[in-house]
Novice: 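One structure follows; several queries about it will come next.
These values consider heavy atoms only, across backbone and side chains, with no hydrogens, waters or symmetry-generated copies. Letters A, B, ... are given to chains in the order of the sequence lines, protein chains preceding strands, and every chain is numbered from 1.
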Amino acid sequence: MALTPARTMPGVLELLPLDQIAFQGMLDTIRRNYERFGFLPVETPVMEFTDVLLTKSGGETERQVYFVQSTGSMEQGGKPDLALRFDLTVPLARYVAEHEHDLNFPFRRYQIQRVYRGERAQRGRFREFYQCDIDVIGKDFLSVRYDAEIPAIIHAVFSDLAIGPFTIQLNNRRLMRGWFEGLGIADGEMQMAVLREVDKLDKRGMDAVRATLCAEPFSLDATMVDRILEFVQLRSTSLADALAKLDALGSGGEVFEQGRSELREVLTTIKALGVPESDFALNLSIARGLDYYTGTVYETTLNEHPQIGSICSGGRYENLAGNYTKSSLPGVGISIGATRLFWQLREAGLIGKASSSVDVLVTQMDAGQFPAYLALAAELRAAGINTEVVMEASKLGKQFKYADRAGIRFVLVLGENELAKSTVMLKDLRAEEQIEVARTDLVATLKSRISQAGSSGANP
RNA sequence: GUGGGCGUAGCUCAGCUGGUUAGAGUCCCGGAUUGUGAUUCCGGUUGUCGGGGGUUCGAAUCCCCUCGCUCACCCCA
């Protein structure tokens, strides 16, 4: 009989338990920090009505949407009226519009869920992946101070994740648009197209971008392209440097000045929120492809791993839910692509082997003493220690091997020697040492060893 | 959606210009070791050579088709 191949579709990430523990640890850290900043949890269904999902964006996203249809509906020749969400922002817009009268504004929500995109599989690109979003939605108005709060949260998250030094890079769409207008590039589509090219500066290099902008369909003249490239190369090294460089840009039109004053306030407030100056910077080549961003935009990169690219990005948008309500709902938010982040950190060797969520394994030294092992486990569990008991008799060496492969660090042996002395043999598989502990001290000893093990080197 | 590359054990791969029974490492299982894992030694399991067709006395090897995977572009986490 032919077996069905056990396989998953490409573009999904499925993990072995120890990696799953590491991944969940990452999600926990993100969630903890989102909550620390006063964000409220929200979940929305993976499926939405297609008219909800596809209002805003035309061709490009529609190509990537998975439609959902019951077999019954399909057999009757119906068209799918459901689809899988491709991000968390569109469902948020629907959610806020639907519950507008029951929500408190400014509405601060976080959402950590999976989204789906029918893309061609590629290295580090997924069809199913986690997004970890925070957004603040205002009613009619939302202070630019919220734009400054976002980087403080990013800073807290990535400091806590302990994956090395990082830089939160900021720019402002208004500043860019105003500046382009000053150059004579007035058409909004054209501005966006140029921004998208400029955004690739770090990836494709100066000469490639210059060539693209000079050629069809841009056909910009060489001196203008040089001015653009010079402008977008601006990077700051400190708050004072950023403010000085903004001042040095000369005067411009109304939109330009608005963007500049927003950036000034955002940068100044970020510092006041306690984010070290080394960890954020002005970067005028940050554009973000998504066209709904209107003001501040963010992109965060790891200093020591530039090849990973952006690990967190977002920005400011006006009128989030314009397709669903007449109310004006401006917002600002970011998204961390946790699946991609985890995958890339693992590729870069920055994710250590996690320990099992099982703290200790009670071995079965002597099959006749099985009830004693169950009693020991019950005692440990009551003390809050995650405990597994070997239920089937086997050679002790095999039980140790099981613990080792499962990532369980501590093993208990209770044989006739120990029973006679009211002690337990405690072995630390990683430290390669074992000690004999009095039964009465066992819980305290284990707890202190477990907390020591947990606090040292989760990310080697 | 557009354009390149690759398909041989679960995994990483070798297999000469076509030649007999398709191989290595790793992994997994058992033993050496009936109170001690990761190291060492010994033994064992594993394949429609992606699929179909063609050329040939003979195809993993050459040709055609097809499927799968993969990289880049578009876009994005």
Side-chain angles (χ1 to χ4, degrees), chain A residues 2-3 5-11 13 16 30 57-65 85-89 111-133 192-193 196-197 199-200 203-204 208 212 287-293 298-301 308-315 333-345 353 361 363-367 369 390 393-419 424-436:
Chain A
L3 295 171
R7 60 187 191 124
T8 57
M9 59 180 269
L13 183 66
L16 293 173
I30 294 169
S57 29
E60 200 50 55
T61 41
E62 188 150 3
R63 219 179 69 195
Q64 298 191 340
V65 165
R85 60 173 174 225
F86 51 86
D87 71 7
L88 299 179
T89 306
Q111 189 169 354
I112 298 176
Q113 290 193 275
R114 290 199 259 219
V115 303
Y116 299 83
R117 288 188 195 171
E119 290 191 85
R120 279 282 269 276
Q122 222 176 103
R123 217 175 152 66
R125 304 284 294 276
F126 295 90
R127 288 176 168 170
E128 177 188 69
F129 59 95
Y130 272 91
Q131 285 196 325
C132 310
D133 280 33
M192 275 309 307
R196 262 201 295 275
E197 277 314 307
D199 196 41
K200 295 174 191 163
K203 188 175 174 184
R204 297 186 58 204
T212 306
R288 307 288 308 124
L290 290 175
D291 35 351
Y292 53 74
Y293 293 124
Y298 319 95
E299 207 137 275
T300 302
T301 50
I308 287 181
S310 173
I311 56 176
C312 165
S313 53
I334 47 144
S335 179
I336 300 174
T339 304
R340 177 179 168 82
L341 176 61
F342 180 81
W343 188 88
Q344 286 184 309
L345 291 176
K353 254 294 182 267
L361 180 74
T363 58
Q364 195 175 138
M365 172 72 242
D366 174 0
Q369 294 295 339
V390 176
S394 67
K395 294 204 306 198
L396 200 59
K398 228 178 149 179
Q399 300 176 35
F400 274 75
K401 189 172 179 173
Y402 171 82
D404 184 49
R405 285 180 35 153
I408 304 171
R409 179 159 180 175
F410 298 102
V411 177
L412 295 178
V413 180
L414 188 57
E416 50 182 318
N417 300 343
E418 289 81 9
L419 280 166
V424 179
M425 193 63 81
L426 166 60
K427 176 152 178 158
D428 180 337
L429 289 184
R430 197 171 311 167
E432 303 178 30
E433 62 174 22
Q434 65 179 28
I435 54 169
E436 196 168 353

Novice: Whole Å only: how far is the CG atom of A:L396 from the C1' atom of B:rU34?
Specialist: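 Going from A:L396 (CG) to B:rU34 (C1'), I get 10 Å.
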Novice: Look at atom NZ of A:K200 and say whether more than 12 heavy atoms of other residues, nucleotides or ligands are closer to it than 6.0 Å.
Specialist: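 Result for NZ/A:K200: enclosed.
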Novice: Can you find a heavy atom in the side chain of A:K427 that is under 4.5 Å from one in the side chain of A:V413?
Specialist: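 Side chain of A:K427 against side chain of A:V413, heavy atoms only: no contact under 4.5 Å found.
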Novice: Between B:rG5 and B:rC63, how far apart are the P atoms? Round to whole Å, please.
Specialist: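 14 Å, rounded to whole Å.
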Novice: Below the 4.0 Å mark, does B:rC28 have OP1 or OP2 next to a side-chain nitrogen or oxygen of A:R405?
Specialist: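 For B:rC28, OP1 or OP2 has a side-chain N or O of A:R405 closer than 4.0 Å.
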Novice: Answer with base, sugar-phosphate or nothing: what part of the nucleic acid does A:F126 contact at a heavy-atom distance below 4.0 Å?
Specialist: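 It contacts base atoms.
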Novice: Would you measure the distance from the C1' atom in B:rU40 across to the matching atom in B:rA77 and give it in whole Å?
Specialist: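 Nearest-Å result for B:rU40 against B:rA77 at atom C1': 47 Å.
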Novice: Looking only at atom P, what distance separates B:rU70 and B:rU12, rounded to whole Å?
Specialist: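 The same atom, P, in both gives a distance of 12 Å.
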Novice: Could you give the distance separating B:rU36 and B:rG25 at their P atoms, to the nearest angstrom?
Specialist: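 Between the two P atoms, the distance is 30 Å.
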Novice: Got more than 12 heavy atoms from elsewhere within 6.0 Å of CD, A:E416?
Specialist: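 Open: at most 12 neighbouring heavy atoms sit under 6.0 Å from CD of A:E416.
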Novice: State the CD-OH distance between A:Q64 and A:Y116, to the nearest 0.5 angstrom.
Specialist: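 Nearest 0.5 Å value for the CD-OH distance: 15.5 Å.
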Novice: B:rU34 phosphate, OP1 or OP2: any side-chain N/O from A:K395 under 4.0 angstrom?
Specialist: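 It does, given that an N or O in the side chain of A:K395 lies less than 4.0 Å from OP1 or OP2 of B:rU34.
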Novice: For A:S313, which contact category applies under a 4.0 Å heavy-atom criterion: base, sugar-phosphate, or nothing?
Specialist: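 Counting heavy atoms under 4.0 Å across all strands, the contact made by A:S313 is with sugar-phosphate only.
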Novice: Using whole Å, report how far CD of A:E418 lies from P of B:rU36.
Specialist: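 In whole Å, B:rU36 P lies 12 Å from A:E418 CD.
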Novice: Check the distance between B:rC75's C1' and A:R125's CZ and give it to me in whole angstrom.
Specialist: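 It works out to 7 Å between those atoms.
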Novice: Distance between the C1' atoms of B:rG30 and B:rC71, in whole angstroms?
Specialist: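 Rounded to whole Å, the distance is 43 Å.
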Novice: Give the nucleotide from the list B:rA77, B:rC75, B:rG35 with an atom nearest to the side chain of A:M365.
Specialist: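 Looking only at heavy atoms from C-beta outward on A:M365, the closest nucleotide is B:rG35.
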Novice: Could you pull out all residues at least two apart from A:F342 that satisfy ring pair (Phe, Tyr, Trp, His ring centres under 6.0 Å)?
Specialist: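 So A:F342 forms a ring pair (Phe, Tyr, Trp, His ring centres under 6.0 Å) with A:F23.
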Novice: Does A:P10 or A:M425 map to a spot on RNA chain B nearer the 5' end, using the closest nucleotide for each?
Specialist: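 The residue whose closest nucleotide sits nearer the 5' end is A:M425.
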Novice: To the nearest Å, how far apart are A:K398 NZ and B:rU36 C1'?
Specialist: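 Whole-Å distance recorded here is 15 Å.
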Novice: Are the side chain of A:R85 and the backbone of A:R114 linked by a donor-acceptor contact shorter than 3.5 Å?
Specialist: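 Side chain of A:R85 to backbone of A:R114, a donor-acceptor pair under 3.5 Å: yes, one is there.
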Novice: Calculate, to the nearest 0.5 Å, the distance between atoms CD and CG belonging to A:Q131 and A:D87 respectively.
Specialist: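 Output value for this atom pair is 6.0 Å.
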Novice: Using the P atoms only, state how far B:rA60 lies from B:rU26, rounded to an integer number of Å.
Specialist: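 Rounded to whole Å, the distance is 28 Å.
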Novice: How many Å lie between CZ on A:R430 and C1' on B:rA38, as a whole number?
Specialist: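 Rounding to the nearest Å, CZ of A:R430 and C1' of B:rA38 are 12 Å apart.
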Novice: Does A:K401 place a side-chain N or O at less than 4.0 Å from the phosphate oxygens OP1/OP2 of B:rC28?
Specialist: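 Answer no for this pair, as no side-chain N or O of A:K401 is under 4.0 Å from OP1 or OP2.
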Novice: Kindly indicate whether the side chain of A:R127, heavy atoms from C-beta on, has any atom under 4.5 Å from the side chain of A:R117.
Specialist: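 No, side chains not in contact.
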Novice: Would you check if A:F129 stacks with the base of B:rA77, given a 5.5 Å centroid limit and a 30° plane limit, both strict?
Specialist: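 So yes, this residue stacks on that base, both cut-offs being met.
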Novice: Are any non-hydrogen side-chain atoms of A:E436 and A:V424 less than 4.5 angstrom apart?
Specialist: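 Side chain of A:E436 against side chain of A:V424, heavy atoms only: no contact under 4.5 Å found.
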Novice: Atom CG of A:L345 and atom P of B:rA77: how far apart are they, to the nearest Å?
Specialist: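 It is 17 Å, rounded to the nearest whole Å.
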Novice: Would you mind reading off the distance between A:D428 atom CG and B:rG37 atom C1', rounded to a whole angstrom?
Specialist: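 It works out to 12 Å between those atoms.
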Novice: Give RNA chain B the dot-bracket treatment, 5' to 3': Watson-Crick (N1-N3 with N6-O4 or O6-N4) or G-U (N1-O2, O6-N3) under 3.5 Å, [ ] crossing, | other strand.
Specialist: (((((((..((((.....[...)))).(((((.......))))).....(((((..]....))))))))))))....
Novice: Expressed in angstrom and rounded to an integer, what is the separation of A:L412 atom CG from B:rG37 atom C1'?
Specialist: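 After rounding, the gap between these two atoms is 15 Å.
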Novice: Looking for any heavy atom pair under 4.0 Å, which part of the strands does A:Q399 touch: base, sugar-phosphate only, or nothing?
Specialist: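 The residue A:Q399 makes no contact with any strand.
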Novice: Can you work out whether A:R117 or A:M9 has the more 5'-proximal nearest nucleotide on RNA chain B?
Specialist: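 Nearest-nucleotide comparison on RNA chain B picks A:M9.
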Novice: Say you pick atom C1' in B:rG31 and the same atom in B:rG15; how far apart are they, in whole Å?
Specialist: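 Approximately 33 Å lies between the C1' atom of B:rG31 and that of B:rG15.
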Novice: Can you find an N or O donor on one side and an acceptor on the other, under 3.5 Å apart, linking the side chain of A:D366 with the base of B:rG35?
Specialist: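 By the distance-only test, no, there is no pair.
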Novice: For nucleotides B:rU45 and B:rG10, find the distance between their C1' atoms and express it as a whole number of Å.
Specialist: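 About 12 Å, rounded to a whole number of Å.
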